[in-house]
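For ligands, and for the atoms within them, numbers begin at 1 and follow the listed sequence. Every value quoted in this text rests on a predicted model; they were computed, and no experiment measured them.
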Amino acid sequence: MSYISDVIEQTEAKNPGQPQFMQTVKEVLTSITPAVEQNEELFRKNVLLERIVEPDRQIIFRVPWMDDNGVYHVNRGFRVQFNNAIGPYKGGLRFQKDVTLDTMKFLGFEQTFKNSLTSLPMGGAKGGSDFDPTGKSDAEVMRFCQSFMNELYRHIGPNMDIPAGDMGVGGREIGYLFGQYKKIVGDYENGVLTGKGMSYGGSLIRPEATGFGATYFLNEVLKHEGEDIKGKTFALSGFGNVAWGACLKISELGGKVVTLSGPDGYIYDKDGVSGEKINYMLEMRASNRNKVQDYADKFGCEFFAGQKPWGNVKADIYMPCARQNEIVLEDAEKMLKLGIPVLNEVANMPTTNEAVALLQANGVIVTPSKAVNAGGVATSGLEMSQNSERLSWTKEEVDAKLQGIMKGIHDQICGALDAYGLNYNLVAGANLAGFKKVADAMIAQGIN
Ligand code: 2IT
C-alpha cells in the first residue's frame with residue numbers, strides 16, 4: 001500500500017463518523033501525491049502525513065445561556081487548533097445548528113492550507129457552536145457570545161490563536177465577543193479577533209474581502225482562459241456576507257448575478273442583483289430570519305421553494321457561496337447537461353469529491369475554495385498587521401493588497417503545477433502549493 005492510502009486508512013479508523021473531515025483529508029492527500037512521491041523517505045521519517053491530519057488540539061466546551069424568557073439553554077462550543085507551523089492559529093467561528101466536531105475538523109484542516117496559500121504567517125484553526133442564530137434577539141445573541149467567550153478566552157490571544165467570523169458570526173457577534181474578552185483579560189488586545197468594527201481596530205474592506213477576493217481570483221482564472229467577467233451571467237447561492245461582497249464586485253466589473261439562495265430555496269432575478277438590491281442583502285442577514293424569499297417578496301422576482309439553482313439555472317459561472325456539500329453528483333450531472341463551463345467554489349468545500357471529479361473529467365474548470373475564499377482570511381491577516389502596528393490603511397491600500405494576494409495565490413498554484421508537470425488542475429495546484437510551506441515548516445521544527 002502507498003504511504004498516502006495508509007494514512008487515509010488510519011485516519012478513517014481513528015475518526016469514525018466524521019465524513020466531512022475525511023472528505024477533505026482525501027482531497028488534500030490525493031492531490032499532493034506528486035510531492036509525496038518525490039519526498040517519501042523524508043516524509044515517512046518525519047511522520048509528516050500522520051501529524052498533518054491530527055489536530056494540535058480539539059477543545060470542546062459547554063455554553064449555557066439565557067433566552068429572553070429567562071429560560072436557560074446549553075450549547076456546545078468548539079475550537080479546533082489544527083496546525084501552527086507557519087504562524088499563530090487563525091480561522092473563523094461558525095454558529096449554526098448542525099455544527100459538529102466533524103464540521104470543525106474539516107474546516108480547520110482546510111484553513112491550514114488556505115492560510116498557507118495567502119503567503120501570510122497564519123496557522124489553521126476553526127471554532128464555533130451548534131447555536132442557531134435564526135430568530136434570536138440581539139440580547140440573546142449577546143448573552144450567548146459572552147458565555148462562549150467565558151471559556152474561549154483562555155485558549156486564544158493575539159500571538160496564539162486569532163478567531164474571526166464565519167457563518168452566523170459577523171460584525172455584531174465579533175463586537176460582543178471582543179467586549180467580553182476585554183472584560184475578562186483587562187488588556188486592550190484588539191489583535192485577538194479579526195472582523196472587528198472600524199471604531200475599535202477593524203480593517204476597511206474586511207467585510208467585503210471574501211466576496212471581492214473570490215471575484216479577483218476568478219478574474220485571474222478567466223484571464224488565463226483569455227476571457228473576463230464583463231457580460232457574464234452568474235448563479236450564486238447564499239445571501240450572507242460572502243455572497244454580498246461577490247455581488248458588489250461582480251456588478252462593478254460588469255457581470256450579472258441572477259440567483260441567490262437560502263435554506264428555504266432560491267430566487268431568480270432576471271434583471272440581476274445590483275444596486276439597492278445588494279444593500280438589501282445586509283438587511284436580510286441582520287433580520288436573523290434566514291429566508292431568501294424576503295428578496296423575492298420585496299423585488300417581485302421568482303422564488304423556487306426548497307430548490308437549489310444548480311443544474312436548474314443556466315449561467316456562465318456558478319458560484320456557491322453558502323455551505324459545504326451543496327453540489328452533489330446529480331447536480332453535477334445536470335450542470336453538464338446545461339453546459340456550465342466554470343464552477344468557482346467560494347464556500348468551504350461546496351462540492352463533493354465525486355462531483356468535482358465528474359466535472360473536471362468533462363472539462364469544467366473547478367476552482368478550489370481554499371484558494372478562492374482565501375481573501376477573507378488574508379484581509380484578516382492585514383487587520384492583524386494594522387493592529388500590531390497601531391495604524392489604519394485606506395480602503396484603496398487594503399484593496400490593492402488583497403488583489404495582489406489573490407493574484408499571488410493564482411501564480412503560486414500555476415507554479416506548483418508547472419513544478420510537477422501538471423496541467424491546469426487548480427484543485428491539485430492549490431493543495432500542492434498550500435501543503436509545501438506547512439510541510440517545510442513542520443520538518444524544520446522537528447517532530448512534536
Ligand atoms: O473560512 C474562512 O477563511 C473564514 N471564515 C475567515 C477566517 C478568518 O480568520 O478571517
Nearest protein heavy-atom contact for [atom]: which residue, which atom, what distance?
atom                    : result
atom 9 (O) of ligand 1  : K90 NZ, 2.6 Å
atom 5 (N) of ligand 1  : D166 OD1, 2.8 Å
atom 10 (O) of ligand 1 : S380 OG, 2.5 Å
atom 7 (C) of ligand 1  : G92 N, 3.5 Å
atom 6 (C) of ligand 1  : R206 NH2, 3.6 Å

Could you tell me whether R76 atom CZ has more than 12 heavy atoms of other residues or ligands within 6.0 Å of it?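 No.
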For D67, look at atom CG and say whether over 12 heavy atoms of other residues, nucleotides or ligands are found less than 6.0 Å away. yes
Are the ring centres of F148 and W65 closer than 6.0 Å?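 No; W65 has its ring centre 6.0 Å or more from that of F148.
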Does the ring center of Y153 lie less than 6.0 Å from the ring center of Y181? no
Do N353 and K26 get their side chains close enough for a donor-acceptor pair, meaning under 3.5 Å? no
So if I count the atoms of ligand 1 from 1 in the order they appear, which ones are less than 4.0 Å from some heavy atom of [X]?
X    : result
K114 : 1 (O), 2 (C), 3 (O)
G165 : 4 (C), 5 (N), 6 (C)
K126 : 1 (O), 2 (C), 4 (C), 5 (N)
N348 : 1 (O)
A164 : 8 (C), 9 (O), 10 (O)
Q111 : 1 (O), 2 (C), 3 (O), 7 (C)

Contacts of E397 that satisfy side chain to side chain donor-acceptor pair (under 3.5 Å) - sequence neighbours left out: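 Listed in chain order: T394.
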Could you work out, with side chain to side chain donor-acceptor pair (under 3.5 Å) as the rule, every residue matching E220, not counting sequence neighbours? K223
Under a 4.5 Å cut-off applied to non-hydrogen side-chain atoms, are N190 and F178 in contact?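 N190 vs F178: side chains touch.
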Does ligand 1 have any atom sitting under 4.0 Å from a heavy atom of P163? no
